[in-house]
Amino acid sequence: MNLYWGDLHNHNELGYAQGSLERSYEIARSHLDFYAFTPHGLHADGGVPDGYPVVVDNWERIRAAARENDRPGAFTCFPAYEWHSTAWGHLHVLGLEDMEEMYCARSLGDLQDHFRDRAAIAVPHHTAYHQGVDWQHFDPALSPVVEIFSEHGSSERDGGLHPMLGHSGGPGGYEYTVQHGLALGKRFGFTAGTDNHDGYPGGYGLGLTGIWAEENTRPALFDALRKRRTIAVTGDRIEVELRAGDAWMGAAVSGAGERRLDYDVRGWDAIKSVELVRDNVPVQLVRPDYSAAAPGAQRYRMRFEWGWGPMKGYQVFDWQGRLRVEEGRITAVVSCFSSDPFDEARRKRVLERDETGCAWQSHTSRGAVFTTRNGATAPRANDALCVEVEGTDDTRLALEFECRTSKSLLATASDWQLTGKLGGSKRDFSIGELLRGRQGWRVDGLPTSIVAHRAMPEAHYALAGRFVEPAV
């Protein structure tokens, strides 16, 4: 099995969002393994039961984009659209094959009847709103997964992190949460998607789905979704592997005797704890043994972050960054790029990478926090890059940044004073120095900042364990 990361719920200007169709696919290809553009299709019991005109008029173009951008083995695209309802909640429909039409079902039952015997999956999302889901008529065969998190907030339960603050729909009562659906005996896996309205698939902090599959193709990923081999994350790509004997996560197992669940969790920062929940009740809480970290050659994970800027400043900062590694090698690079600030032309991307270094570009603005069209669950003025390095305490890291101001989201006097300015920074440190703690500094010539976060040895970011349920 391989773990692939992608976004199954994302919007752009072909719907009531912004950003071109071409931009969305270009961004998705730059940092994701799979993608589904889900145009706002229709409102079944509202004012647009026959489809939003912008989607209806561009349906052939939407179909062609999913087909032409699909690259089996490298980048998978699913044809999809979103079905809206006040009475039954919202679902996005994913197809295995090309969708010749956007079926405008008039009710949840109509939608289910149409797609039940087809190669399609209907994913309920932001269920925690009032009437956000109809658990009574939930069909696990058609909906093997439920979106548990997006820019709207978390639908997992009626307390805890990430409340439903992203939009104006709720929250509803506990009976619309995912935990309540599980308590009713419904069985499904979890996904997370951005539901981003700036046309930025996989925007950091807005939700992402991991799928365990044999290969990166539509059939393999679709089969894994049906088998519920999925991970839902809010930000970092936390790798979670669960097995009950030979059965992978998502499988239904039976039989008498002792039950054993093995798990392996790998994050991009220090793991605070791993909690196992059964029947909505925590049954095991495990914390890493931080004292187990030993010096010597091993893999370390580090995060480099940049952005900030003046309070309530709307200036956009363009960044060019480069990292070089000596006496070690880079084994993984993962971007943590915010979807803000919106820009049709600019691109945030890793430009190059090999075992000795990587280079990237991005743009940030503190003002994007105040002007975003996305939800307020995780507004960000910063971007970051996570890097895994195989080395020792003596491995050297050379970090170089160039930062330039070029325009402002809004015209303010403080931003005018920054227009056209250029700043830069060069720092050199060892992994051993970052093991002692983070290093943060201001960029020379500009009111922006950079942080090289604390390095994490494998004993801090990885945790494996077992839960054993005695035979009854």
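Numbers here are sequence positions counted from 1.
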Visitor: Under 4.5 Å between any side-chain heavy atoms of Glu241 and Trp248, yes or no?
Guide: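 A side-chain contact exists here, since the closest heavy-atom pair is under 4.5 Å.
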Visitor: Should we say atom CG of Asp354 is surrounded by more than 12 heavy atoms from elsewhere, each under 6.0 Å from it?
Guide: yes
Visitor: On a heavy-atom basis, which atom in Cys336 and which in Cys386 lie closest, and how many Å separate them?
Guide: SG-SG, 3.7 Å
Visitor: State, yes or no, whether a side-chain contact exists between Met164 and His130 at a heavy-atom distance under 4.5 Å.
Guide: no
Visitor: Taking His125 as the fixed residue, which of His152, Glu147, His92 is the one that meets the side chain to side chain donor-acceptor pair (under 3.5 Å) rule?
Guide: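 When His152, Glu147, His92 are each tested with His125, the side chain to side chain donor-acceptor pair (under 3.5 Å) holds only for His92.
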Visitor: Any Lys/Arg nitrogen of Arg67 or Asp70 sitting under 4.0 Å from an Asp/Glu carboxylate oxygen of the other?
Guide: no
Visitor: Between Gln112 and His137, does the side chain to side chain donor-acceptor pair (under 3.5 Å) criterion hold? Intermediate values first, please.
Guide: CA-CA 10 Å; Gln112 292 171 332; His137 297 100; over 6 Å; no
Visitor: Please say whether more than 12 non-hydrogen atoms of neighbouring residues, nucleotides or ligands are located less than 6.0 Å from CD in Glu344.
Guide: yes
Visitor: Would a distance-only check, ignoring hydrogens and angles, find a side-chain to backbone donor-acceptor pair under 3.5 Å from Thr331 to Glu388?
Guide: yes
Visitor: Going by the angle between their ring planes, with limits at 30° and 60°, are Trp319 and Trp306 parallel, tilted or perpendicular?
Guide: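 Because their plane-to-plane angle lies in the 30° to 60° range, the rings of Trp319 and Trp306 count as tilted.
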Visitor: Please give me the minimum heavy-atom distance between Ile231 and Ile238, naming the atom from each residue.
Guide: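 Residues Ile231 and Ile238, closest heavy atoms: CG2-O, 3.9 Å.
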Visitor: Any side-chain heavy atom of Met102 sitting closer than 4.5 Å to one from Val56?
Guide: yes
Visitor: Given 3.5 Å as the limit, does a donor-acceptor pair link the side chain of Gln361 with the main chain of Arg347, or not?
Guide: yes
Visitor: Is any side-chain heavy atom of Val146 closer than 4.5 Å to a side-chain heavy atom of Ser155?
Guide: no
Visitor: Any chance you could measure Ile148, atom CD1, to His126, atom NE2, to the nearest 0.5 Å?
Guide: 14.5 Å
Visitor: First locate atom CG of Asp318, then atom SG of Cys403, and finally report the distance between them rounded to the nearest 0.5 Å.
Guide: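 The distance works out to 7.5 Å.
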Visitor: Give a yes or no on whether the backbone of Cys77 and the side-chain of Arg218 come within a donor-acceptor separation of less than 3.5 Å.
Guide: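 Here the side-chain-to-backbone pair exists.
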Visitor: May I ask you to decide if the ring planes of Tyr81 and Trp59 are parallel, tilted or perpendicular, using 30° and 60° as cut-offs?
Guide: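 Ring orientation of Tyr81 relative to Trp59: perpendicular.
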Visitor: Run the salt-bridge test on Arg63 and Glu60 with the 4.0 Å N-O cut-off and return the result as yes or no.
Guide: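 Between Glu60 and Arg63 there is a salt bridge, with a charged N closer than 4.0 Å to a carboxylate O.
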Visitor: Do the side chains of Arg322 and Glu352 get close enough for a salt bridge, i.e. N-O under 4.0 angstrom?
Guide: yes
Visitor: Write down the atom of Gly267, the atom of Arg301, and the distance for their closest heavy-atom approach.
Guide: O-NH1, 2.8 Å
Visitor: Donor-acceptor pair, distance only, cut-off 3.5 Å: does the side chain of Ser154 make one with the backbone of Phe149?
Guide: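 Not a single qualifying donor-acceptor pair exists.
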Visitor: Side chain of Trp83, backbone of Ala105: donor and acceptor closer than 3.5 Å?
Guide: yes
Visitor: Using 30° and 60° as the class limits, which term best fits the ring planes of Tyr103 and His114: parallel, tilted or perpendicular?
Guide: parallel
Visitor: Take the angle between the ring planes of Phe188 and Phe138 and call it parallel below 30°, perpendicular above 60°, tilted in between.
Guide: perpendicular
Visitor: For Asp45 and Trp88, which heavy atoms make the closest approach, and how far apart are they?
Guide: OD2-CZ3, 4.0 Å
Visitor: For Thr38 and Asn10, indicate whether the former's side chain and the latter's backbone hold a donor-acceptor pair under 3.5 Å.
Guide: yes
Visitor: Supply the atom-to-atom distance Asp7 CG to Ser150 OG, rounded to the nearest 0.5 angstrom.
Guide: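 Spacing of CG (Asp7) from OG (Ser150) equals 10.0 Å.
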Visitor: Going by heavy atoms in the side chains, are Asn216 and Asn2 under 4.5 Å from each other?
Guide: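 Side chain of Asn216 against side chain of Asn2, heavy atoms only: no contact under 4.5 Å found.
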Visitor: With a 3.5 Å distance limit and no angle check, can you tell me whether Arg23 reaches the backbone of Asp343 through a side-chain donor-acceptor pair?
Guide: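 A pair under 3.5 Å: yes.
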Visitor: Roughly how far, to the nearest 0.5 Å, is CZ of Phe304 from CD1 of Ile450?
Guide: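 It is 11.0 Å, given to the nearest 0.5 Å.
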Visitor: Return the CG to NE2 distance between Asp195 and His40, rounded to the nearest 0.5 Å.
Guide: 6.0 Å
Visitor: Thinking salt bridges, do Asp50 and Arg106 make one under a 4.0 Å N-O criterion?
Guide: yes
Visitor: Rounded at 0.5 Å granularity, tell me how far NE2 in His84 sits from CG in Leu42.
Guide: 8.0 Å
Visitor: Taking NZ, NE, NH1 and NH2 as the nitrogens, is one of them in Arg303 or Glu305 under 4.0 Å from a carboxylate oxygen of the other?
Guide: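 No, no charged N to carboxylate O under 4.0 Å.
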Visitor: Look at atom CD of Gln136 and say whether more than 12 heavy atoms of other residues, nucleotides or ligands are closer to it than 6.0 Å.
Guide: no
Visitor: List the steps and the verdict of side chain to side chain donor-acceptor pair (under 3.5 Å) for Asn196 and Ser339.
Guide: CA-CA 8 Å; Asn196 177 271; Ser339 62; 3.2 Å; yes
Visitor: To check you understand the geometry: which heavy-atom pair defines the closest contact between Asp236 and Tyr204, and what is its length?
Guide: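 Of all heavy-atom pairs spanning Asp236 and Tyr204, the closest is OD1-OH, 2.5 Å.
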Visitor: Any side-chain heavy atom of Arg380 sitting closer than 4.5 Å to one from Thr364?
Guide: no
Visitor: Compute the ring centroids of His197 and His167, then answer whether they are less than 6.0 Å apart.
Guide: yes
Visitor: Any idea which heavy atoms bring Leu91 and Ser143 closest together, and the distance?
Guide: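 Closest approach of Leu91 to Ser143: CD2-OG, 4.4 Å.
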Visitor: State, yes or no, whether a side-chain contact exists between Val316 and Arg346 at a heavy-atom distance under 4.5 Å.
Guide: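 Contact flag for Val316/Arg346 side chains = yes.
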Visitor: Charged N to carboxylate O under 4.0 angstrom, Arg118 versus Glu101?
Guide: no
Visitor: Taking everything shown except Arg404 itself, do over 12 heavy atoms lie less than 6.0 Å from its CZ?
Guide: no
Visitor: Using modelled atom types only, decide if a donor and an acceptor are shared between the side chain of Lys227 and the backbone of Pro144 within a distance under 3.5 Å.
Guide: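 No.
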Visitor: Would you please indicate if the ring centroids of His31 and Phe337 are separated by under 6.0 Å?
Guide: no
Visitor: Short question: side chain of His11, backbone of Tyr16 - any donor-acceptor pair under 3.5 Å?
Guide: no
Visitor: Just wondering, do Thr194 and Tyr200 contact through their side chains at under 4.5 Å, heavy atoms?
Guide: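 Side-chain contact under 4.5 Å: no.
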Visitor: Decide yes or no on ring-ring contact (aromatic ring centres under 6.0 Å, His included) for Phe37 and Tyr25, but give the supporting numbers first.
Guide: CA-CA 8 Å; Phe37 166 52; Tyr25 275 97; 7.0 Å; no
